Amino acid sequence: MIKSHPSEAILYQYASGDLSASMTLVVGTHIDMCPICKRTVCEIEEDLCSKHLDSLVETICAPSKGAMSKTQCDQMLEAIFNSQAKPAAQREDLVSLEGRRFNLPTTLAHNAHRIGEWTHLVGKLWRAPVDLSDDGQTNLIYMEPGAQVPEHTHKGQEATLVIDGVFNDEHDAYYDGDFILLDADRKHTPRTATEDCLTLATLDAPLFFTSGISRLLNPFSSLFFR
């Protein structure tokens, strides 16, 4: 059962189209996996649609010079509602690594063409960049069993979504669909035990390593999850 969700404010921003491309991808993929947030977003979208549609109709059909007649307005709205959606682009539903195959949720599958090649980081960590052409750094991160990311905090925000598997930190255990949003107020040491884990993560600023020899990585932290 999913226990970590985006806030209602973030879901409202998602429905309004006000999130960055990277956060839209992470939140949208969570929504694919979470019936609770999917229902909440549907309710927000219905409310937004009702408000904006009423405003649009009043503006277009208002009695003024050059305005559409009520009949023309009704015909335009009917054409919009009856229009055929374009066929969905072909998608890739699977990614493979180290002998494992992972099913991708719908939103991520539609963006599979943006996923780059897998590269080995350190230890038992792998990364595949997701090119969204925005200011964030978005990656698929694969953690083999027994993997660990050195203790760190964040110069900005880090949003992480568990796609498949489980990882732990000092605060909790996170399973399929869990969404975790962290900032400079919290440090953690993500790790896996006997299971592996595939996550989708986005950063808007580099990590900051906080313990032991890993602090020597800080001059290069902007490259760690580029």
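This one's a predicted model, so the numbers in the text were calculated from it and none came from an experiment.
Residue Asn168 holds its CG atom at 8.5 Å from OG1 of Thr192, rounded to the nearest 0.5 Å. Put simply, CG on Leu104 and CD1 on Ile115 are 5.5 Å apart, with the number rounded to the nearest 0.5 Å. Considering CG of Leu200 and OG1 of Thr160, their distance stands at 8.5 Å, rounded to 0.5 Å. To the nearest 0.5 Å, atom OG1 of residue Thr106 and atom CG of residue Asn111 are 11.5 Å apart. The structure places CH2 of Trp118 at 9.0 Å from CG of Asn139, a figure rounded to the nearest 0.5 Å. A distance of 7.5 Å separates OG1 of Thr202 from CG of Leu132, quoted to the nearest 0.5 Å.
Using a 4.5 Å cut-off on side-chain heavy atoms (C-beta onward), Asp169 and Val149 make no contact. Two residues are said to be in side-chain contact when any heavy atoms from C-beta on lie closer than 4.5 Å; Leu108 and Leu140 meet this criterion. Contact of the Asp196 side chain with the Glu98 side chain is not registered, since no non-hydrogen atoms from C-beta on lie closer than 4.5 Å. Under the 4.5 Å side-chain criterion, counting only non-hydrogen atoms from C-beta, Gln137 is not in contact with Arg127. Using a 4.5 Å heavy-atom threshold, the side chains of Ile163 and Thr199 count as separate.
Using a distance-only test at 3.5 Å, with no hydrogens or angles considered, a donor-acceptor pair links the side chain of Asp131 to the main chain of Ser133. Between the Asp47 side chain and the Ile44 main chain, no donor and acceptor come within less than 3.5 Å of each other.
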What do the steps show when you test Asp164 against Arg100 for side-chain contact (heavy atoms from CB on, under 4.5 Å), and what is the final call? CA-CA 11 Å; Asp164 190 291; Arg100 292 276 276 117; 3.5 Å; yes

Passes side-chain hydrogen bond (donor to acceptor under 3.5 Å, both in side chains), Glu170 versus Thr189? Steps please. CA-CA 7 Å; Glu170 299 87 336; Thr189 310; 2.7 Å; yes

Which is it for Leu48 and Tyr12 under the side-chain contact (heavy atoms from CB on, under 4.5 Å) test, yes or no, and what are the steps along the way? CA-CA 9 Å; Leu48 288 171; Tyr12 191 94; 3.2 Å; yes

side-chain contact (heavy atoms from CB on, under 4.5 Å) between Asp178 and Asp172, intermediate numbers included: CA-CA 11 Å; Asp178 278 334; Asp172 210 339; over 6 Å; no

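Residue pairs meeting the side chain to side chain donor-acceptor pair (under 3.5 Å) criterion with at least one partner in residues 27-46, sequence neighbours excluded, are Asp32-Thr107.
Annotation for Ser96 and Arg101: closest pair OG-CG, 3.4 Å, computed over non-hydrogen atoms. Across Val162 and Cys197, no two heavy atoms sit closer than the pair CG1-SG, 3.9 Å. Summarising the geometry of Ala159 relative to Met23, their closest heavy-atom pair is CB-SD, 3.6 Å, with the distance given to 0.1 Å. Gly165 approaches Glu195 most closely through the heavy-atom pair CA-OE1, 4.4 Å.
Partners of Phe102 under the ring pair (Phe, Tyr, Trp, His ring centres under 6.0 Å) rule, at least two apart in sequence or in another chain, are Tyr142. Residues that satisfy the ring pair (Phe, Tyr, Trp, His ring centres under 6.0 Å) test with His120, not counting sequence neighbours, are Trp126. Under the rule for a salt bridge (Lys or Arg N to Asp or Glu O under 4.0 Å), Asp176 has no partner lying at least two apart in sequence or in another chain. Considering only residues two or more places apart in sequence or on other chains, Tyr174 meets the ring pair (Phe, Tyr, Trp, His ring centres under 6.0 Å) condition with Phe167.
Using a 4.5 Å cut-off between side-chain heavy atoms of Ile, Leu, Val, Met, Phe, Trp and Tyr, with links allowed through other members, Val166 and Leu97 fall into different hydrophobic clusters. Residues Tyr175 and Phe179 are members of separate hydrophobic clusters, defined by side-chain heavy-atom contacts under 4.5 angstrom among Ile, Leu, Val, Met, Phe, Trp and Tyr.
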Show the atom names and distances, to 0.1 Å, of all donor-acceptor pairs under 3.5 Å that link a side chain in residues 2-10 to residues at least two apart or in another chain.
unit_1, atom_1, unit_2, atom_2, d
Lys3, NZ, Ala173, O, 2.5
His5, NE2, Ile2, O, 3.3
Ser7, OG, Ile10, N, 3.2

